[in-house]
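Residue numbers begin at 1 in each chain, while the letters A, B, ... track the order of the sequences.
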Number of protein chains: 2
Amino acid sequence: MVVAKSREQGGKREGGRTPSRADRREQLLAVAAELFATRGYAGTTTRDIAEAAGILAGSIYHHFPSKEALLDEILRTFLTRLYDRFAGVERQGGDPREALINLIKISFSCIHDTPHAVAVYQNESDNLAGEKGFAYVADYSLRIEQIWLRVMTAGQTSGVVRPDLDVKLAYLFIRDAVWSSVRWYRAKGPLQSDNVADQYLKLLYGGLG
Amino acid sequence: MVVAKSREQGGKREGGRTPSRADRREQLLAVAAELFATRGYAGTTTRDIAEAAGILAGSIYHHFPSKEALLDEILRTFLTRLYDRFAGVERQGGDPREALINLIKISFSCIHDTPHAVAVYQNESDNLAGEKGFAYVADYSLRIEQIWLRVMTAGQTSGVVRPDLDVKLAYLFIRDAVWSSVRWYRAKGPLQSDNVADQYLKLLYGGLG
DNA sequence: GCCATGACCAAATGTTTGTTCGGTACCATG
DNA sequence: CATGGTACCGAACAAACATTTGGTCATGGC
């Protein structure tokens with residue numbers, strides 16, 4: 001006969017109280033995002049995730065159908081939110097220079113708020129390019145790129161962006177410099193998100209020399 | 001009794017001739033670098049590497065002691081070469097502005113020549129931070145950063161870099177924008193390495209607006 | 001032309017992987 | 001106080017993994 005141990009051992013959280021179903025789901029997503037971000041998706045095992053959440057690996061499957069489903073929800077939540085915020089800037093209209101500044105500030109604030117999701121997106125989106133269930137990742141990336149290109153091109157015609165720049169290249173440089181900061185930016189560090197954004201805007205608009 | 005098949009099947013390369021030991025080693029390193037770059041180290045199996053090289057997985061171990069040894073040699077070769085070239089710029093001295101331009105041009109040319117090694121370094125170096133045998137990765141990264149910071153600081157005192165910039169932050173932005181281009185730069189594409197470098201320097205020195 | 005060397009194959013190793021499943025203890029509801 | 005639903009455990013699963021081993025066959029030096 002098999003006797004299960006008490007759930008007191010590891011199954012409870014938040015001061016001994018059993019977390020609600022919704023809380024456990026969020027906890028698993030948060031824990032998975034952090035592990036995917038630091039060790040990579042392929043380098044993270046379901047046992048790693050479970051241990052970090054205080055349960056056993058098999059119990060994950062009461063909340064998610066697979067390890068991949070965790071990655072999917074992390075990326076989907078991140079991308080929809082990011083796209084909505086970017087689209088809001090464009091919908092709002094106004095000065096292209098202000099719009100571009102807003103796009104950049106949103107990016108940095110997104111890194112500040114959800115660094116793990118950003119890192120997962122950056123590290124895994126390339127590998128997911130051909131995967132069937134992850135086509136939406138490339139879709140959102142393209143739509144986001146189009147927003148940026150429209151804003152920057154508008155900036156060129158309105159005179160706040162130099163006309164001799166290759167807009168696509170400039171976008172790629174700006175995008176990479178901004179998003180890559182997730183690797184060294186620490187929310188608890190001395191540099192706050194706004195300062196980093198300001199410094200980057202200063203470099204971008206004033207130039208290096 | 002066990003009978004091994006002829007080696008004709010997959011063990012030969014280069015028009016049917018058996019590659020030399022040195023050639024096979026180089027081939028395995030090249031193939032592993034490409035796979036590590038596109039699928040990640042953890043996402044690449046020894047069978048993947050072997051198949052791409054036309055041999056069986058076990059045969060890899062006649063050339064390398066482990067899968068990790070492949071990663072090690074890829075990173076070590078890349079980092080020593082890169083560091084040497086950067087150090088050469090600093091040793092040469094001269095105008096800080098010229099030196100900084102050279103650092104950037106070397107970076108882009110390095111991406112052009114060995115994109116896979118660059119990608120592997122970018123994707124895996126963070127995960128290797130604590131690993132015993134890979135301490136040299138962080139060492140080289142630090143030494144390279146110090147070269148850049150010295151050059152940029154020299155540029156500040158000599159007046160070619162604005163004094164109100166946070167040099168460390170500016171370095172991080174430049175570094176990330178430059179190295180991240182490995183994700184979209186294609187050596188065979190219309191944009192050649194020099195053009196990309198020029199465009200980036202134009203953006204960097206002239207500013208966006 | 002013979003033979004030793006070594007590059008490779010074929011097969012098996014033990015471990016780790018994602019996932020499944022039957023049972024158990026907790027909790028809310030009556 | 002009974003009871004049903006469910007969140008989780010404990011154990012198992014097959015598949016995939018990096019690595020080991022022993023045998024085989026081509027090749028280059030004699």
**Q** Provide, to the nearest angstrom, the distance between the CZ atom belonging to A/R25 and the P atom belonging to D/dC8.
**A** 13 Å
**Q** Go through the structure and list residues passing ring-ring contact (aromatic ring centres under 6.0 Å, His included) with B/F64, not counting sequence neighbours.
**A** none
**Q** What is the separation between atom CD1 on A/I55 and atom P on D/dT6, rounded to the nearest whole Å?
**A** 17 Å
**Q** Any side-chain heavy atom of B/L128 within less than 4.5 Å of one from B/Y41?
**A** no
**Q** Minimum heavy-atom separation for B/S193 to B/H112, with atom names?
**A** CB-CB, 3.8 Å
**Q** Let me know the distance between CZ of A/F64 and P of D/dC8, rounded to the nearest Å.
**A** 12 Å
**Q** Expressed as a whole number of angstroms, how long is the span from A/E51:CD to D/dC9:P?
**A** 12 Å
**Q** Atom CG of B/L56 to atom P of C/dC9: distance rounded to whole Å?
**A** 4 Å
**Q** B/L28 CG to D/dT19 P: how many Å, rounded?
**A** 14 Å
**Q** Given 3.5 Å as the limit, does a donor-acceptor pair link the side chain of A/Q156 with the main chain of A/L165, or not?
**A** yes
**Q** Output one letter per nucleotide in nucleotides 16-21 of chain C: B when a protein non-hydrogen atom lies under 4.0 Å from the base, S when only the sugar-phosphate is that close, - when neither is.
**A** -BBBB-
**Q** Going by the salt bridge (charged side-chain N to carboxylate O under 4.0 Å, His left out) test, which pairs reach into residues 52-76 of chain A, not counting sequence neighbours?
**A** A/R25-A/E73, A/D72-A/R76
**Q** Taking only side-chain nitrogens and oxygens of A/H63, does any of them come within less than 4.0 Å of OP1 or OP2 of D/dT6?
**A** no
**Q** Round to a whole Å and report the spacing from CZ of B/R24 to P of C/dC9.
**A** 7 Å
**Q** Looking only at side-chain N and O atoms, does B/R21 come under 4.0 Å of OP1 or OP2 in C/dT5?
**A** no
**Q** Considering all heavy atoms of both residues, which atom of B/A177 and which atom of A/D176 are nearest to each other, and what is their separation?
**A** CA-CB, 4.3 Å
**Q** Separation of B/L71 atom CG from D/dA18 atom P, in whole Å?
**A** 13 Å
